[in-house]
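To keep things clear, I will list the structure first and then write my remarks on it.
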There are 2 protein chains.
Amino acid sequence: MKDKTKLIQDIREFNRFYTRLIGLLDGHLLDSDYSLAEARILYEIYVGKQISASQIVATLSMDKGYVSRILKKFEKEGLINKQNFSTDARVSLLALSEKGLKVFHTLNRASHDQVDALIAPLAVAKQKELVMHMQQIMQILNGSGK
Amino acid sequence: MKDKTKLIQDIREFNRFYTRLIGLLDGHLLDSDYSLAEARILYEIYVGKQISASQIVATLSMDKGYVSRILKKFEKEGLINKQNFSTDARVSLLALSEKGLKVFHTLNRASHDQVDALIAPLAVAKQKELVMHMQQIMQILNGSGK
DNA sequence: GCTGATTGTTGTCATAGGCAACAATTTATG
DNA sequence: CATAAATTGTTGCCTATGACAACAATCAGC
């Protein structure tokens, strides 16, 4: 069982590597008016279509007070619409407004371009290999690539 | 060139996946007395053996004022030793003290155990596959797996 | 020797974001 | 059915995070 330690060390090396990479991507991205947390929440609302605050809290592992404040800000800026959830009066279902969609697309484009620049130097075959490895990792770690 | 967009989307999905994963690992880890930034700096000093503050700033992409303060705290707590660098009076070379090593090993062990728990459910063959994919990704992205 | 770059320190400040108390509601349990 | 326990979301409070700029000391190049 000695080389289990080696495996773990290798994984942690990758974690450090990817922490740095994501840090660079996210960091440069944030010349926008929105924080990383805000961008992630915006993304969750976008894909969730009709999503509750507690779902966002769960999937992003964020503090519910923090999320509540950000959502309030979004609402004040007119980025989201709230809608009552039929069977539970405590929850509202959130969706992006037109303006919210515009902001999302702006951030989305910037993030897209970041990744584009990252893989631009690679041959297309390498790019495909890269994605394949990523999907394999997701599949191994949680049993689903999607 | 339509499927370059698809590739980029897949990469970004992996980035979100791994952001969440690292967030969970790091988050749970921080029941310690040290912040994530402090742990990362401690790690850099550990592997760098004799490392300067500016090197830490460069490799971790952190603000130099921020790093300076953390190093001052480390020094006050007796975690590191400073040593004059022969050919440049501005820089000090940093190394972990005995106490610093102890703290590092504590954090290191906790981080190790986190990863251990993560891969524990997997068959050994799957664990090896996982590491292989990670190393491939590092190699593709920066031309070196180490 | 002077000018510009580099290393590190410090002051200042905005914000991020955790924690706990709370009201409103829903669910479970007797 | 009534009461207890759990859940959703809001808010107050507070500390740590971490950016930015000004600065002194030193170093490198012309």
Side-chain angles (χ1 to χ4, degrees), chain A residues 19-20 22-42 44-45 48 50-77 80-95, chain B residues 19-20 22-24 26-42 44-45 48 50-77 80-95 107:
Chain A
T19 296
R20 276 195 296 272
I22 289 177
L24 290 183
L25 293 181
D26 288 346
H28 260 285
L29 193 57
L30 295 182
D31 303 330
S32 85
D33 294 337
Y34 295 89
S35 74
L36 180 56
E38 288 167 341
R40 294 177 72 193
I41 290 176
L42 221 43
E44 292 301 326
I45 299 174
Q50 299 282 69
I51 195 175
S52 73
S54 66
Q55 285 177 283
I56 295 174
V57 166
T59 52
L60 296 183
S61 304
M62 285 180 181
D63 180 75
K64 61 182 182 173
Y66 187 37
V67 169
S68 175
R69 269 175 251 268
I70 289 177
L71 291 176
K72 191 164 69 174
K73 182 190 162 198
F74 283 174
E75 212 181 352
K76 197 170 71 183
E77 293 178 10
I80 59 176
N81 297 319
K82 280 188 179 181
Q83 183 182 337
N84 293 339
F85 180 41
S86 34
T87 70
D88 191 333
R90 293 169 304 179
V91 338
S92 302
L93 294 184
L94 310 169
Chain B
T19 295
R20 275 194 297 272
I22 289 177
L24 291 183
D26 288 347
H28 259 285
L29 192 58
L30 296 182
D31 303 330
S32 84
D33 295 336
Y34 295 89
S35 73
L36 180 56
E38 287 168 341
R40 294 177 72 192
I41 290 177
L42 221 43
E44 291 301 327
I45 299 175
Q50 300 281 69
I51 194 175
S52 72
S54 66
Q55 285 177 282
I56 295 174
V57 166
T59 51
L60 296 184
S61 305
M62 284 180 181
D63 179 74
K64 61 183 182 173
Y66 188 37
V67 169
S68 175
R69 268 176 253 267
I70 290 177
L71 291 176
K72 191 163 70 175
K73 182 191 162 198
F74 282 174
E75 214 181 350
K76 197 170 71 182
E77 294 178 8
I80 59 176
N81 297 319
K82 279 188 178 180
Q83 183 182 337
N84 292 339
F85 181 40
S86 35
T87 69
D88 190 334
R90 293 168 304 178
V91 337
S92 302
L93 294 185
L94 310 169
L107 294 173

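First the proteins, then the strands, lettered A, B, ... as listed; each starts at 1.
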Proximal nucleotide (of [options]) relative to the [X] side chain:
{"X": "D88(B)", "options": "dG8(C), dG18(D), dT26(D)", "answer": "dT26(D)"}
{"X": "R69(B)", "options": "dT7(C), dA16(C), dT10(C)", "answer": "dT10(C)"}
{"X": "A89(A)", "options": "dG9(D), dT25(C), dT26(D)", "answer": "dT25(C)"}
{"X": "K82(B)", "options": "dG8(C), dG18(D), dT9(C)", "answer": "dT9(C)"}
{"X": "R90(B)", "options": "dT10(D), dG18(D), dC27(D)", "answer": "dC27(D)"}
{"X": "K64(A)", "options": "dG8(C), dT10(D), dG18(D)", "answer": "dT10(D)"}

Over how many whole Å does the gap from [X] atom [atom1] to [N] atom [atom2] extend?
{"X": "L93(A)", "N": "dT8(D)", "atom1": "CG", "atom2": "P", "result": "13 Å"}
{"X": "I56(B)", "N": "dT6(C)", "atom1": "CD1", "atom2": "P", "result": "19 Å"}
{"X": "R40(A)", "N": "dA16(C)", "atom1": "CZ", "atom2": "P", "result": "14 Å"}
{"X": "D33(B)", "N": "dA16(D)", "atom1": "CG", "atom2": "C1'", "result": "14 Å"}
{"X": "D63(A)", "N": "dT8(D)", "atom1": "CG", "atom2": "C1'", "result": "13 Å"}
{"X": "N84(B)", "N": "dT7(C)", "atom1": "CG", "atom2": "P", "result": "17 Å"}
{"X": "I41(A)", "N": "dA16(C)", "atom1": "CD1", "atom2": "P", "result": "11 Å"}
{"X": "L60(B)", "N": "dG8(C)", "atom1": "CG", "atom2": "P", "result": "14 Å"}

Does [X] make a side-chain N or O approach to OP1 or OP2 of [N] shorter than 4.0 Å?
{"X": "S68(A)", "N": "dG9(D)", "result": "no"}
{"X": "S52(B)", "N": "dT7(C)", "result": "no"}
{"X": "S54(B)", "N": "dG8(C)", "result": "yes"}

### Task
Could you tell me whether the side chain of S54(B) reaches within less than 4.5 Å of the side chain of V91(B), counting heavy atoms only?
no
### Query
Taking the side chain as C-beta and beyond, is there a heavy-atom pair between R40(A) and T19(B) under 4.5 Å?
yes
### Task
Would you mind classifying the nucleic acid contact of K73(B) as base, sugar-phosphate or nothing, using non-hydrogen atoms under 4.0 angstrom?
nothing
### Task
Mind listing the closest non-hydrogen atom pair of F74(B) and E38(B) along with its distance?
CZ-O, 3.6 Å
### Query
At what distance, to the nearest 0.5 angstrom, does CG of L94(B) lie from CG of L71(B)?
5.5 Å
### Task
Give the C-alpha distance, both sets of side-chain angles, the deciding distance and a yes or no for side chain to side chain contact (heavy atoms under 4.5 Å, CB included) between L24(A) and R20(A).
CA-CA 6 Å; L24(A) 290 183; R20(A) 276 195 296 272; 5.6 Å; no
